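Here, residue 1 is the first one in the sequence, and each next residue gets the next number. The structure presented is a predicted model; accordingly, all values stated were derived computationally and were not measured.
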Amino acid sequence: MSEEAVKSASEEATASKEDLILELKGITKIFPGVKALNNVHFQLRRGECHALMGENGAGKSTFIKVITGVHAAEEGHMYLNGKEVHFKGPKDALEAGIAAVYQHPTIYPTLSVTENIFMGHEFVKNGLIQWNVMNREAQKLLDRLDADFKTSDEMGTLSVAQQQMVEIAKALSTNAKIIILDEPTAALTANESEKLYKIVDQLIASGVSVIFISHRMEDMYRLATRVTVLRDSQYIGTYDVDKITNADLIKAMVGREIKDMYPKPQVEIGEEVFRVEHMSRTGYFEDVSLNVHKGEIVGLTGLVGAGRTETMESVCGITKPREGRVFVDGKEVHIKNPSDSMAAGIVLLPEDRTKEGLIMDWGLGDNVTLPIQDEIAKGPFKVKDVQKEREIAKQYLEEVDTKALTIFDPGSSLSGGNQQKVVVAKALCQKNMKVLIMDEPTKGVDVGAKAEIYGIMGDLAKKGYGILMISSEMPEILGMSDRIYTMCKGRITGCLDVHEASQEKLLELSMEHGTGETGAKEAAE
């Protein structure tokens, strides 16, 4: 997209002064040695949902912290209802009617919903907290959001989606006129995301303005009327959602054209490499059978509670199934723990890479070589060969194009996309790997990194690895899979060749047990 086109789109999307509830001009924020924001602009209309998008590290989080008073900008001006404001801290922003709901809700897990909603601004009379009043007000807020839980429920017992709902109720309890939602759908299923969309629609209808930060295009198209893009800490432009193409928006975010978002190569599918037969675990899944061939990418999708992750955890020895058999290269393997799974050539990349995939305080090299410590030990006392470890780690980190300064950088220093690449490198260093199970491989990853991860998957398929991709994102399931299994309530409900699959068909099979030809189609065909 040319600079002229960017300028034109930005001017076209600019709001009239009377419509604006919030405006920021020329915001610059400097941390020691780095310019986190550089001359950034933003406008928010009354009763508008305005998306804020950009790759990880683009400056979105810093910008939001400036709006909410966490950081003070070195340069620039912020106007609320046409008047310039200077927040000394988050309390000032909250009192001015600005509240933020973050991707990972800040909760008190052992306290009730009511206590979480009114924490810090309780109803107090004559030195006593007015619990009855607070419970009534909390219930009004939950009713407004169509919540399916009670004010007396303990916060820690709620799902992530429900906790986010409480955080939104908390924002409304402060009479917030501007609510910032930071990656709210990253940890939600399609069903939960749809409920959140309806809540945002209600907020907009009631006159609340919403800033919606997301990596997901479907969030923006569903909710926002305008989108502002940041890249490399700079303002790129503001666009009307219905006037910018998907390709131009991606180019604005990553600074280059991504011609093929789903670079699925043409690979000759080989012999069966992985098969699961009649796998069951009481209360979680029942009679699950599926298979994967060499060079094949098989998608596994379904709604929340379908049992996808739980099935693969049993396959890999993390949990114990009631019954079932696993085959690699046609031979049955007996897996009692994750070490057995890796020894058999089955490697699982977990959904939560930060808790289960990486040791975040460790260097990248140590993370990559963790599964092969015995192989890099030398001498009778099994002393680690540090030089060999570094060479192996460097080789595989470069193979997946990990963006880091050194192999000694901690996992916590990387973006979500690069963390996922390290997890892939960790799998690749296990030379006997034959099957790679990827659970939500692009969760919380920006659009540029998504394309890179898809490219890695395609390269692995060309090398003959079998890949099973568990995903809730229909576009990537349809874009990257050769075949697609659907699950519902712990059972396989269908197996479709990608050429006969559609989003509607997959959703239908994910919502009720598949029947007839589609549901009964055998994977081994």
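Side chain of Asn38 to backbone of Gln234: no donor-acceptor contact under 3.5 angstrom is found. A donor-acceptor pair is defined here as one N or O able to donate and one able to accept, closer than 3.5 Å; no such pair exists between the side chain of His41 and the backbone of Lys25. Using modelled atom types, one side-chain atom of Glu74 and one backbone atom of Ile30 make a donor-acceptor pair closer than 3.5 Å. The closest donor-acceptor contact from the side chain of Arg231 to the backbone of Ala252 lies under 3.5 Å. Remark: the backbone N or O of Lys426 is paired with a side-chain donor or acceptor of Gln430 at under 3.5 angstrom. At least one donor-acceptor pair closer than 3.5 Å links the side chain of Ser209 to the backbone N or O of Gly47. Put simply, the side chain of Glu75 never gets that close to the backbone of Asn39: no donor and acceptor are under 3.5 Å apart. Between the side chain of Asp92 and the backbone N or O of Lys88, at least one donor-acceptor pair lies under 3.5 Å. The closest donor-acceptor contact from the side chain of Thr238 to the backbone of Thr228 lies at 3.5 Å or more, if one exists at all. For the pair Asp240 (side chain) and Asp242 (backbone), a donor-acceptor distance under 3.5 Å is absent.
Looking at heavy atoms from C-beta onward, Asp482 lies out of side-chain contact with Val267 at the 4.5 angstrom threshold. Val70 is listed as a side-chain neighbour of Pro90, based on a closest heavy-atom distance under 4.5 Å. Residues Glu115 and Met155 form no side-chain contact, since every pair of their non-hydrogen atoms from C-beta on lies 4.5 Å or further apart. Looking at heavy atoms from C-beta onward, Ile250 lies in side-chain contact with Met217 at the 4.5 angstrom threshold. Using a 4.5 Å heavy-atom cutoff, the side chains of Val368 and Leu428 are not in contact. Looking at Lys443 and Gln420, their side chains never come closer than 4.5 Å, going by heavy atoms from C-beta outward. The closest side-chain heavy-atom distance from Ile211 to Leu181 is not below 4.5 Å. Taking 4.5 Å as the limit, every side-chain heavy atom of Lys195 sits out of range of all side-chain heavy atoms of Met165.
A donor and an acceptor atom, one from each side chain of Ser173 and His121, are located under 3.5 Å apart. Side-chain polar atoms of Glu154 and Thr157 form no donor-acceptor pair below 3.5 angstrom. A side-chain donor-acceptor contact under 3.5 Å links Arg144 and Ser206. Thr442 and Glu476 form a side-chain donor-acceptor contact under 3.5 Å, judged by distance and modelled atom types alone.
With rounding to the nearest 0.5 angstrom, the CG atom of Leu44 is 5.5 Å from the CD1 atom of Ile178. The CG atom of Leu142 sits 7.5 Å away from the OG1 atom of Thr114 when rounded to the nearest 0.5 Å. For the atom pair CE (Met220) and CE (Met53), the distance works out to 6.0 Å, reported to the nearest 0.5 Å. Interatomic distance, Ile199 CD1 to Glu194 CD, rounded to the nearest 0.5 Å: 11.0 Å. Met312 CE to Glu351 CD: the interatomic distance, rounded to the nearest 0.5 Å, is 14.0 Å. Taking OG1 of Thr151 as the start and CD of Glu137 as the end, the distance is 11.5 Å to the nearest 0.5 Å.
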Using the side-chain contact (heavy atoms from CB on, under 4.5 Å) rule, take Glu452 and Thr402 through it: C-alpha gap first, then chi angles, then the decisive distance, then the call.
CA-CA 10 Å; Glu452 291 177 355; Thr402 308; over 6 Å; no

Which is it for Arg222 and Asp201 under the salt bridge (Lys or Arg N to Asp or Glu O under 4.0 Å) test, yes or no, and what are the steps along the way?
CA-CA 10 Å; Arg222 170 63 176 79; Asp201 288 339; 2.8 Å; yes

Which is it for Leu172 and Ile179 under the side-chain contact (heavy atoms from CB on, under 4.5 Å) test, yes or no, and what are the steps along the way?
CA-CA 9 Å; Leu172 293 174; Ile179 295 181; 3.9 Å; yes

Evaluate the side-chain contact (heavy atoms from CB on, under 4.5 Å) criterion for residues Ser214 and Thr185: first the C-alpha distance (whole Å), next the side-chain angles of each, then the deciding distance (0.1 Å), finally the verdict.
CA-CA 8 Å; Ser214 180; Thr185 60; 4.2 Å; yes

Using the side-chain contact (heavy atoms from CB on, under 4.5 Å) rule, take Val424 and Met438 through it: C-alpha gap first, then chi angles, then the decisive distance, then the call.
CA-CA 9 Å; Val424 174; Met438 307 180 79; 4.2 Å; yes

Identify each donor-acceptor pair in which a side-chain atom of residues 390-397 lies under 3.5 Å from a protein atom, sequence neighbours left out, and give them as a table.
{"unit_1": "Glu391", "atom_1": "OE2", "unit_2": "Gln387", "atom_2": "NE2", "d": "3.3"}
{"unit_1": "Lys394", "atom_1": "NZ", "unit_2": "Glu398", "atom_2": "OE2", "d": "2.6"}

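In summary, Arg308 and Asp439 do not engage in a salt bridge, as defined by a charged side-chain N under 4.0 Å from a carboxylate O. Between Glu473 and Lys450 there is a salt bridge, since a side-chain N of the basic residue sits under 4.0 Å from a carboxylate O of the acidic one. Remark: Lys403 does not engage Asp409 in a salt bridge, criterion side-chain N to carboxylate O under 4.0 Å. In this structure, Lys462 pairs ionically with Asp459, as a charged nitrogen and a carboxylate oxygen lie closer than 4.0 Å.
Exactly one of Ile297, Leu349, Leu348 qualifies for a side-chain contact (heavy atoms from CB on, under 4.5 Å) with Leu436. That residue is Leu349. Residue Pro184 is tested with Ile213, Leu196, Asp219 for a side-chain contact (heavy atoms from CB on, under 4.5 Å); the sole match is Leu196. Evaluated for a side-chain contact (heavy atoms from CB on, under 4.5 Å) with Val101, the options Asp182, Ile168, Val166 yield exactly one hit, Ile168.
Ring planes of His50 and Phe42: tilted class, angle from 30 to 60°.
At most 12 non-hydrogen atoms from other residues, nucleotides or ligands lie less than 6.0 angstrom from CD of Gln266.
Closest non-hydrogen pair, Leu300 versus Leu468, comes out as CB-CD1, 4.3 Å. Pairing each heavy atom of Phe87 with each of Ile98, the nearest pair is CE1-CD1, 3.8 Å. In terms of heavy-atom proximity, Leu223 sits nearest to Cys49 at O-CB, 3.5 Å. The minimum heavy-atom distance linking Lys177 with Ile21 is given by the pair CB-CD1, 4.0 Å. For Ile117 against Ala169, the heavy-atom pair with the smallest separation is CD1-CB, 3.9 Å. When all heavy atoms are compared, the tightest approach of Val400 to Ala425 is CG2-CB, 4.1 Å.
Taking the ring axis of Phe31 as reference, the NZ or CZ atom of Lys29 stays within 45° of it and closer than 6.0 Å to the ring centre.
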